[in-house]
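Notes follow once the structure below has been shown.
When a ligand or atom number is given, it counts from 1 through the structure's own listing order.
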Amino acid sequence: MNEQQAKQEITSLRAQIAHHNKLYYEEAQPEISDYAFDQLLAKLEALEQQFPSLSSADSATQTVGGTPSKNFTSVYHQHPMISLGNTYSPDGVKQFVERIEKQLPATTTIHFVCELKFDGIALSLLYKKGRLYKVITRGDGVKGDDITENAKHMIANIPHVITGDNLPEEIEVRGEAIMSFSNFERLNQARATTGLEPLANPRNATAGILKTLKNQAAHHKVLDCYMYSLLLPGSELPSHEIHMKQLQTWGFPIYPTYQKCGNLANIMAYIHHWDTARATLPLPIDGVVIKVNDIAQQKQLGLTAKSPRWAIAYKYKPQNLATTLAHVDYQVGRTGVVTPVAHLKPILLAGTIVKRATLHNASEIQRLDLHLGDTVFIEKGGEIIPKITGVDLSQRKPNSQPVIFITHCPACGSTLVKKHHKDLYYCPNIEACPCQLQGLLQHFVHRKAMDIRSIGRKTITLLLAHKLVASPADLYTLRYEDIYNLEGFQARATQQILEGIEASKQQPYERVLFALGIRNVGEVMVQKITDHFPDITSLAEATLEGLMQVPGVGEEIAQSIINYFQDPGNRQLLAALEAAGLQFTRKLPKPRHTSYKLAGKHFLISGTFTTWGREELKALIKEKGGGIVTAVSRQLDYLVIGDQPGPAKVQQAQALGISTLNEKQIQQMLLP
Ligand code: IVH
């Protein structure tokens with residue numbers, strides 16, 4: 001390769017790496033495996049070494065991948081958060097050990113500490129006088145995001161206060177925030193019930209939720225953090241091992257699997273042990289970190305631009321095996337999205353038998369150019385569902401049939417429609433597609449929706465098969481004999497189902513709205529929407545702009561709400577549900593008039609508040625005798641301004657000289 005070609009290749013590699021870095025660090029939606037990414041980086045590194053004139057200080061080989069995100073305050077690290085060099089081969093570890101032996105005086109003994117490489121998000125925790133006061137992400141290594149509040153809310157095991165005799169005024173502790181497999185599965189189940197796509201792996205889930213802007217109940221303590229380094233101002237303790245022990249005595253979570261190793265053989269034994277034993281761990285790891293134990297030796301060895309010379313990460317290759325593609329089938333979800341699923345000749349991979357793999361969408365099938373009977377490579381990285389990474393073309397049979405994405409719904413035969421921006425195909429038959437109906441009804445009776453526990457998946461299948469129901473509204477017209485005559489139903493079960501249905505009529509409006517399964521309207525969104533639109537009529541009549549006033553509602557969500565209410569079938573369904581007696585208005589606790597402190601005063605509320613929802617605030621004002629108005633007029637006494645208030649209202653109020661109150665001030669006024 002000449003310099004010109006190398007230049008082109010380097011430019012292309014840097015662009016690819018930048019793209020994947022963005023997906024990984026900023027969007028938490030990686031497209032390629034860590035392994036594939038590291039291969040790109042290694043290629044770039046080799047080229048830059050071969051053509052030193054083409055290397056540059058801001059190349060990906062010299063910098064850490066992430067950039068601080070825009071939604072959080074960006075803060076400088078007291079000490080840069082550098083990354084680790086990595087290797088995928090035992091030989092790489094051997095070279096690392098040999099290099100260290102060469103760099104340190106021949107007479108010194110060297111000890112290493114081997115630790116698990118947790119697969120999550122690196123965090124820096126700052127403590128002052130024993131109190132946790134800041135949690136910062138790695139970001140670009142120099143500055144990261146201040147995520148203190150999120151970390152305190154979401155991470156179960158980090159101490160907020162520490163005590164100890166020898167505690168310095170300030171300490172910095174670094175560790176990895178991770179999500180256990182069990183919490184990951186729980187979170188994905190919850191996402192599925194609200195129609196959200198599942199997250200690919202625990203690392204993505206951790207990155208994603210640490211970036212959410214509201215502390216949601218569902219995220220309370222779903223993460224753990226394990227510490228792997230302690231930075232002390234001034235005098236250091238003599239070894240990494242002692243640092244870990246010190247951290248443990250101060251009450252920090254230290255994963256007990258680290259081990260001191262005196263030589264390469266011990267290091268390799270540790271690596272091999274965890275290669276299989278990691279299948280039994282409750283949390284995700286992607287390798288092992290090997291560190292020189294002695295701090296004085298670490299200092300002697302020093303750092304490169306990007307990583308310490310005294311440590312290395314050995315990463316496990318994603319397990320990859322070949323098997324045969326038997327056929328592809330298509331699943332239709334509650335919202336009509338059609339997902340292709342590959343059925344494989346079963347193989348044992350990473351401790352589990354794999355029979356199926358996800359194919360995501362139509363373009364994935366095209367990208368892989370899949371043919372039936374192909375020998376395909378299956379990879380199981382951090383992901384729960386394995387995926388097909390490639391096809392062994394040399395094994396392809398001459399007359400094999402290419403896999404062609406279906407054009408019609410496998411359940412109802414409707415012609416599928418494509419949503420361009422998402423590259424997804426939908427079955428448009430929302431009203432009658434049995435798969436969508438099954439999904440819709442399962443969602444409707446779900447514990448978090450109408451909570452009709454006596455009706456499960458099988459009962460719904462039966463009801464659909466006997467054409468007893470064709471929409472959620474039909475549940476409310478079921479008669480005793482309809483159910484009793486189904487296979488396997490006796491008096492007791494029949495009674496329970498009818499009672500469950502009857503009781504569901506009392507479920508509050510928020511649950512009813514969630515149960516409808518409007519696309520993009522999950523549990524959290526329902527709370528926000530009902531805050532602004534306390535009944536179904538106001539919601540059905542809302543405009544796109546009106547909907548987008550609700551915090552967190554963007555154009556996509558607003559549009560799917562509009563679409564829902566425009567659909568004649570949905571309007572019919574709502575009318576039938578209303579006639580059945582379901583709740584279509586939000587009920588707030590009745591004002592109790594605890595005092596008349598605000599009597600005769602009129603308030604207009606604009607924006608959102610951290611302490612209360614809008615309806616709640618209105619109720620509190622009314623409770624104290626105040627009146628609520630909906631527009632600025634001379635009658636208005638106070639404009640209460642929250643986050644993102646309507647600019648027109650603020651201007652009008654100012655023009656009329658009307659007093660404004662911020663959240664703190666109205667809080668004061670509401671005090672007894
Ligand atoms: S030590 C200078 N130890 O791996 C030493 N890192 O690619 C820096 N990680 O940013 C890190 N487990 O997020 C260390 N036991 C462990 C680790 C660990 C996971 C992560 C960490 C770091 C990345 C390096």
Open item on the list: For E3 and S53: C-alpha separation, side-chain torsions, deciding distance, then whether side chain to side chain donor-acceptor pair (under 3.5 Å) applies.
Closed with: CA-CA 9 Å; E3 189 156 332; S53 63; 3.2 Å; yes
- [ ] Return the residue, atom name and 0.1 Å-rounded distance of the protein heavy atom closest to atom 18 (C) of ligand 1.
- [x] Y228 CE2, 3.4 Å
- [ ] Indicate yes or no for a side-chain donor-acceptor contact from T137 to the backbone of D145 under 3.5 Å, with no hydrogens or angles considered.
- [x] yes
- [ ] Provide, to 0.1 Å, the distance between atom 20 (C) of ligand 1 and the closest protein heavy atom, together with that atom's residue and name.
- [x] E176 OE1, 3.3 Å
Open item on the list: As an exercise, identify every atom of ligand 1 less than 4.0 angstrom from a heavy atom of S83.
Closed with: 7 (O)
- [ ] Go through ligand 1 atom by atom and flag the ones less than 4.0 Å from a non-hydrogen atom of P308.
- [x] 2 (C)
Open item on the list: Tell me whether Y133 contacts the main-chain N or O of T148 through its side chain, where contact means a donor paired with an acceptor under 3.5 Å.
Closed with: no
Open item on the list: Which residue is it: I271, L84, N86? I am looking for the one with a side-chain contact (heavy atoms from CB on, under 4.5 Å) to Y314.
Closed with: I271
TODO: Starting from atom 23 (C) of ligand 1, locate the nearest protein heavy atom and write down its residue, its atom name and how far away it is, to 0.1 Å.
DONE: K117 NZ, 3.9 Å
Open item on the list: Tell me the contacting part of F118 for ligand 1: side chain, backbone, both, or neither, using a 4.0 Å heavy-atom threshold, strictly below.
Closed with: both
TODO: Can you pull out the closest protein heavy atom to atom 5 (C) of ligand 1? Residue, atom name and distance to 0.1 Å, please.
DONE: L84 CD2, 3.8 Å
Open item on the list: For F112 together with Y270, are the ring centres under 6.0 Å from each other?
Closed with: no
- [ ] Specify side chain, backbone, both or neither for V289, according to which of its non-hydrogen atoms lie closer than 4.0 Å to ligand 1.
- [x] side chain
- [ ] Answer with yes or no whether L116 contacts ligand 1, where contact means a heavy atom under 4.0 Å from a ligand atom.
- [x] yes
Open item on the list: Taking the basic N atoms (NZ, or NE/NH1/NH2) and the acidic carboxylate oxygens, is any pair closer than 4.0 Å for K128 and E169?
Closed with: no
Task: Nearest non-hydrogen protein atom, atom 3 (N) of ligand 1 - done: K291 NZ, 3.0 Å
- [ ] May I ask you to check if ligand 1 and I121 share an N or O to N or O distance below 3.5 Å?
- [x] no
- [ ] Pull out every atom of ligand 1 sitting under 4.0 Å from any heavy atom of E115, numbered as shown with elements.
- [x] 3 (N), 15 (N), 16 (C)
Task: Ion pair check, K245 and E241, cut-off under 4.0 Å - done: yes
Open item on the list: Assess the residue pair Q259 and H273 against the criterion (side chain to side chain donor-acceptor pair (under 3.5 Å)); give the C-alpha distance rounded to whole Å, side-chain angles, the decisive distance to 0.1 Å, and a yes or no.
Closed with: CA-CA 12 Å; Q259 193 180 311; H273 170 73; over 6 Å; no
Open item on the list: Any nitrogen or oxygen of R138, side chain or backbone, less than 3.5 Å from one on ligand 1?
Closed with: yes
Open item on the list: Tell me whether ligand 1 is touched by R174 - counting only heavy atoms on the residue side and a distance under 4.0 Å.
Closed with: no
Open item on the list: Which heavy atom of N150 sits nearest to which heavy atom of F72, and what is that distance?
Closed with: ND2-CZ, 3.8 Å
